[in-house]
2 protein chains.
Amino acid sequence: MSLRIAALGLLAQRPGSGYDLLKLFENSMANVWPATQSQLYSELNKLADGGLIEVTDIGPRGRKVYRITTAGRAELHRWMTDPSADPPFRSAALLRLFLLGQIPQEQARRHLEHTAEHAQAEIARLLALRDSLGLTDSPDADDDAFFGLAALDYGLRLNAMQGEWARDVLTKLDDRRK
Amino acid sequence: MSLRIAALGLLAQRPGSGYDLLKLFENSMANVWPATQSQLYSELNKLADGGLIEVTDIGPRGRKVYRITTAGRAELHRWMTDPSADPPFRSAALLRLFLLGQIPQEQARRHLEHTAEHAQAEIARLLALRDSLGLTDSPDADDDAFFGLAALDYGLRLNAMQGEWARDVLTKLDDRRK
DNA sequence: ATAACCATGTAACTTGTTACATGATTAA
DNA sequence: TTAATCATGTAACAAGTTACATGGTTAT
């Protein structure tokens, strides 16, 4: 259900073709809800069948430009204000961490070191992404830009936290070995 | 693939029946990798077919006690040390946040306030959980206890970060309105 | 002309959810 | 004796991935 919303949400910001959305999914959206080309195109057809979006134009190479409808905006609003039907949260990384006691301690250490390095790399990637988007913190920025930046800031803080956590666990492991 | 590992990981800690594992999934494991009863039982059969676990005993009411095999430990170890095949990370909460500009600002504010409150409540819940587990930070704690505490600490830091973030975004929204 | 990119679609498969179905054992 | 809990299974569906398939357009 959430991919449906992700597509709808992007079309709520501005009209575009499946290919346009695909590029957005490869860039910003992939960080919060990745989707494949295959899934996206079939979801757009379903959204159009359901009247939540409509085709406004067919360009060269069969390019279909979609626009959100009133019904689509209503559905998006409904989802935004009701988190009760969200799919359950799953994280393979957290699962691995939960089971870290099951591998030799030296390998667990290496995993934690890798986690810390990965967090650093993610921070660098997100900073580069922020620069490339050309969004500004200025007071005249629109809502989309404001919340886009806020989501990105969330990612930055998450990775900073993760790096600190991994380094602290490593320190505690050292203390234990003595 | 990850549910397979979640079940395998629990059986690596101690043998148990499908029903035993189900209880663990409802409690601790649900935080990192929720699973339904249906999925768990069929996964256990697949694991047994593949020789990664084995039935050591059949009790009353057809209760089957499973134990991890050598092959199972090898598979678990392989997964633990290779995150490259992890399923992509998805979060409906992050998606909602990303699209927060699509609803009226007063409703977005309420959502952020709720996020901050929820983070506080989670911290209280995790602190209570930590106390109830009776785990200690002492140097003689075993690996499972040590990493269990580390995972819990991760949760505490995550929610602290989330609360701070939500409050900061609310402050920035206030600044923008002036 | 040919490589890169634009543009969409379909089929087979895996993973996860919901609902239903069955029956044994234990505690009040 | 009856309600709660123990204990497992199956079928239909929804969501997501991988691989394949087709062809138009633009830039070098």
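None of the values given here were measured: they were computed from a predicted structure. Reminder, nothing fancy here: chain letters follow the sequence lines and each chain counts from 1.
With no hydrogens or angles considered, a side-chain donor-acceptor pair links Gln107(A) and His77(B) at under 3.5 Å. Using modelled atom types, one finds a donor on one side chain and an acceptor on the other under 3.5 Å when comparing Ser17(A) with Asp20(A). Asn31(A) and Arg125(A) share a donor-acceptor pair across their side chains, judged by distance under 3.5 Å alone.
Ion pair Arg63(B)/Asp57(B) not flagged as a salt bridge, since none of the NZ, NE, NH1 or NH2 atoms sits closer than 4.0 Å to an Asp/Glu carboxylate oxygen. The pair Arg110(B)-Glu113(B) fails the salt-bridge criterion, with no side-chain N (NZ, NE, NH1 or NH2) lying under 4.0 Å from an Asp/Glu carboxylate O. The existence of a salt bridge linking Arg109(B) and Asp174(B) is confirmed by a sub-4.0 Å separation between a basic side-chain nitrogen and an acidic carboxylate oxygen.
Proximity of Gln37(B) to the phosphate of dT8(D): no side-chain N or O atom is located under 4.0 Å from OP1 or OP2. Gln39(B) has a side-chain polar atom (N or O) that falls below the 4.0 Å cut-off from OP1 or OP2 of dT17(C).
If you check every strand for non-hydrogen atoms under 4.0 Å, Pro88(B) touches sugar and phosphate atoms only. Here Arg90(B) lies in heavy-atom contact (under 4.0 Å) with sugar-phosphate atoms only.
Taking atom CG of Leu40(A) as the reference point, atom P of dC6(C) lies 15 Å away to the nearest angstrom. Separating the CD1 atom of Ile5(A) from the P atom of dA15(D) is a distance of 11 Å, rounded to the nearest angstrom. Summarising the geometry, the separation between CH2 on Trp33(B) and C1' on dT17(C) is reported as 15 Å, rounded to the nearest angstrom. Note: CZ (Phe89(A)) to P (dG16(C)) measures 14 Å, nearest angstrom.
Contacts between residues 41-69 of chain B and DNA chain C, defined by a heavy-atom separation below 4.0 Å, involve Arg61(B), listed by number. Within residues 18-28 of chain A, the residues approaching DNA chain C are Gly18(A), Tyr19(A), by heavy-atom distance under 4.0 Å.
Taking only side-chain atoms of Ser17(B), from C-beta outward, the nucleotide of dT17(C), dG16(D), dT8(D) with the closest atom is dT8(D). Side-chain proximity of Ser38(A) to dT18(D), dG16(C), dA15(D): nearest is dT18(D).
Between Gln102(B) and Gln13(A), the shortest heavy-atom distance links the atoms NE2-CG, 3.1 Å.
Within 6.0 Å of atom CZ in Arg14(B), 12 or fewer heavy atoms from other residues, nucleotides or ligands are found, so the atom counts as exposed in its surroundings.
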Please tabulate, for the side chains in residues 162-170 of chain A, all donor-acceptor contacts under 3.5 angstrom to protein atoms that are two or more places apart in sequence or on a different chain.
unit_1    : atom_1 : unit_2    : atom_2 : d
Gln162(A) : NE2    : Tyr154(B) : OH     : 2.5
Trp165(A) : NE1    : Ala150(B) : O      : 2.9
Asp168(A) : OD2    : Arg157(B) : NH1    : 3.2
Asp168(A) : OD2    : Arg157(B) : NH2    : 2.7

